[in-house]
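Once you've had a glance at the structure underneath, I'll fire off some questions.
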Amino acid sequence: MTTTSAAISQPLDTQAGVELMIRLEEVEKVYRTDRIETVALTNVNLAVRTGEFISIMGPSGSGKSTLLNIIGLLDVPSSGKVVINGRTINSYSDRNLSRVRNEEIGFIFQTFHLINDLSVQDNVEIPLLYRRSMTGGERRRLAQEALDRVGLSSRVHHFPSQLSGGQQQRVAIARAIVGKPRVLLADEPTGNLDSQMGDEIMDLLEGLNEQAGTTIIMVTHDPRQAEKTERIHRLFDGRQVN
Amino acid sequence: MLINYLKIAVKVLMRRKFFTFISLFAISFTLVILMIGVSLLDSTFGPGIPETRIDRTLGIFKIEMRCPEEECTWISPGGYKLFNRYFQNLPNIELMSLSTEADLSYSYHQGEKIPSYLKRTDGEFWKIMEFSFVEGGPITTEDERNANFVAVINTATRHKFFGDQQAVGRTIEVDGQRFRVVGVVDNVPYLRQIPFADIWVPISTYKTGLYRDQLMGNFIALIMAPSSADFPAIREEVQARLKQVEFPDPKQWNQISAHAETFFERSSREMTGTPAREASQPLRAMVLIFAAIMLFMLLPTINLININVSRIMERAGEIGVRKSFGASSWTLVGQFVLENVLLTLIGGAIGLILSRFALDAIAKTDFFPYASFQLNYRIFLYGLAMAVFFGLLSGVYPAWRMSRLHPVDALRGAVQGGVR
Ligand SMILES: Nc1ncnc2c1ncn2[C@@H]1O[C@H](COP(=O)(O)OP(=O)(O)OP(=O)(O)O)[C@@H](O)[C@H]1O
Ligand SMILES: [Mg+2]
């Protein structure tokens, strides 16, 4: 879907005429607790083209996860605008938000967030559960396919606690890609893994980006991995530095 | 979708065995308590053989006499003379009957001393009460008039005397008197205090005629009306009749009071300790009963709510994950509703089976002789509905609250809760 002309005329739209998948305008996030006010993000502007693979870097606490959560619609900004695939999300109802999360976005968490009560297969099927009119057989097939892709097809009946960290991360990736989302958000997908495992995961993401045209935003501490992406977006203390 | 939810629900219940066990225990225990309470009430106050017409029957169960100084009172059932002289031909009634309270009596049979409850009745008693006859028939007005030494016995008594063989036509000895058995009825539960006895014989077979001269004694008057709509008129008439009572020695006793009341009002009077001169307060008794049941159910219910809340809180992470991947708040609530309903239904099924066992076990003890407790399915459904309600309230409300959170907050809650 192309952005409307109105959207293109926005000052931020530098890539006018190009399909924009994600656009953030003056996004700000402030955490308020009893006495302390933590500014996690200030005046962040971001435009990501469809099919782009970019990385976000910055020191610990600079707001990388916060930013990714806002893009992934898991959190709301204190102010500013979030546009996904041409649609301004800010005013979306719970139901519509769920739809976008379900159909457009796949999220890979910094800590895997697998459901311990469910088998690998059932964990991977979760996004498909919330698709209307999908049969159990279709779900199983798609989950198998995604697990194949991450090289875990032999572990479908295991439970998360029976897997190594790298395997758990791959289950999390399978879960993020099973619904064939157009956007994949990965919060330090290689952070908990050794460099060889990290490279494998990187290859996987690159493959998805190239073959399926998935737009990927990846948070990383590792300059070596960041180098492999098209663009590096840097954060420092909640601000963009370019 | 539904099948998937069910699968998840079963899995979660299986994996959290301890929670599941405690929840099921709380639900089934609550239901068992409710069912026992209701069954006891039902078999005491509900219509049932032989009290099938209690909805249109009143009784005069207790009389209170007072002396001129009002400082002394005498409370007891009425005497034969009181009813026989002052309560003849009440208007607007179908039947009136006199019977005594059941008294313990003894028989000697083949060298054994057998205790039985003996009740003396007139013929009308058998027309108001609807006994279920196994053999023969009731005591008749004729029997009472002619002082026939006839008896109706229950099947337990028949078993003791005749070993389950036919009893009609044979004789039994009770308290030194010999009666010819004319009928055998099914055992009447002890809880049905008005008709209850082991052996029923005519009033006129009393050893002496002294009872005919007493205002106070051990007689109960039953008054059956065409319908309960006639009750107010009857009650009024009873008060009018009481005013006519002449006292043999007015210096000793000169005031009398009593009420025509329903069987439930009679029990209410006993439960609330209302004196015989005041009207019974069935509402107060009902509140008492209700409060007792509620009190009994309070603990398991609070327990259930607690367990459910922590069960949901523990699953903040799961809620966060599902939300992140596209579950809407309502979908999540649906999942927890289903889980709770499933849990409650399983608990309900267990509760039903346990109730049956518990009631049979109670019936077998000598606590309530001849009791056969019925499971009241309507009340069971109420109980189950209540369990579902509490289950939903305690399980779904926190789930709904949590499902309204932004996914990150739910996920963070999970990390704090110790779930990865
Ligand atoms: N729920 C919260 N309440 C208060 N402050 C928060 C909360 N979440 C994040 N912060 C603060 O916001 C800032 C940014 O946090 P964020 O998790 O985005 O950092 P990060 O760049 O992802 O760090 P890391 O590399 O360690 O993952 C930090 O200062 C953090 O303390
Ligand atoms: Mg982070």
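Residue numbers begin at 1 in each chain, while the letters A, B, ... track the order of the sequences.
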Item to complete: Please look at Glu125(A) and chain B and tell me whether the side chain, the backbone, both or neither of the residue comes under 4.5 angstrom of a heavy atom of that chain.
Response: side chain

Worksheet item: Side chains of Ser328(B) and Asp94(A): is there a donor and an acceptor less than 3.5 Å apart?
Response: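 There is no such pair (donor and acceptor under 3.5 Å, judged by atom type) between the side chains of Ser328(B) and Asp94(A).
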
Worksheet item: Nearest heavy-atom pair of Lys323(B) and Arg101(A): which atoms, and what distance?
Response: O-CD, 3.3 Å

Worksheet item: Heavy-atom distance under 4.5 Å to chain B: side chain of Asn123(A), backbone, both or neither?
Response: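 No part of Asn123(A) comes within 4.5 Å of chain B.
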
Practice prompt. Look up atom CZ in Arg315(B) and atom CG in Asn116(A), then write down how far apart they are to the nearest 0.5 Å.
Written response: 12.0 Å

Discussion item. Filter on ring-ring contact (aromatic ring centres under 6.0 Å, His included), then keep only pairs touching residues 7-37 of chain B, sequence neighbours left out; what's left?
Written reply: Phe25(B)-Phe29(B)

Discussion item. Only pairs of heavy atoms separated by less than 4.5 Å count here; which of Thr135(A), Leu74(A), Leu128(A) has the most with chain B?
Written reply: Leu74(A)

Worksheet item: If you count the non-hydrogen atoms of other residues, nucleotides and ligands that lie under 6.0 Å from CZ in Arg356(B), is the total more than 12?
Response: yes

Response to the item:
Here the pair of heavy atoms bringing Leu411(B) nearest to Phe109(A) is CD1-CE2, 3.3 Å

Item to complete: Quick one: pull up CG in Asp117(A) and CD in Glu314(B) and give me the separation to the nearest 0.5 Å.
Response: 8.5 Å

Worksheet entry | Interatomic distance, Ser324(B) atom OG to Leu185(A) atom CG [nearest 0.5 angstrom] |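 Ser324(B) atom OG to Leu185(A) atom CG measures 11.0 Å (nearest 0.5 Å).
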
Worksheet item: If you round to the nearest 0.5 Å, how far is CZ of Phe325(B) from CD1 of Ile105(A)?
Response: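 Atom-to-atom, Ile105(A):CD1 and Phe325(B):CZ are 10.5 Å apart.
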
Item to complete: State the CD1-CD distance between Ile115(A) and Glu318(B), to the nearest 0.5 angstrom.
Response: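 Interatomic distance, Ile115(A) CD1 to Glu318(B) CD, rounded to 0.5 Å: 4.0 Å.
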
Discussion item. Can you tell me which portion of Arg175(A) sits under 4.5 Å from chain B's heavy atoms? Options are side chain, backbone, both or neither.
Written reply: both

Item to complete: Using a cut-off of 6.0 Å, state whether more than 12 heavy atoms not belonging to Tyr31(A) lie near its atom OH.
Response: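 It does: Tyr31(A) OH has more than 12 such atoms within range.
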
Worksheet item: Take atom CZ in Phe380(B); do more than 12 heavy atoms of anything else shown fall under 6.0 Å from it?
Response: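 Yes, CZ of Phe380(B) has more than 12 neighbouring heavy atoms, counting only those of other groups under 6.0 Å.
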
Item to complete: Taking the side chain as every heavy atom from C-beta outward, state whether Tyr130(A) and Arg322(B) have any pair of such atoms under 4.5 Å apart.
Response: yes

Worksheet item: For the candidates Leu118(A), Ile126(A), Asp122(A), which exhibits the highest count of non-hydrogen atom pairs separated by less than 4.5 Å from chain B?
Response: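 Top count of heavy-atom pairs under 4.5 Å with chain B: Asp122(A).
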
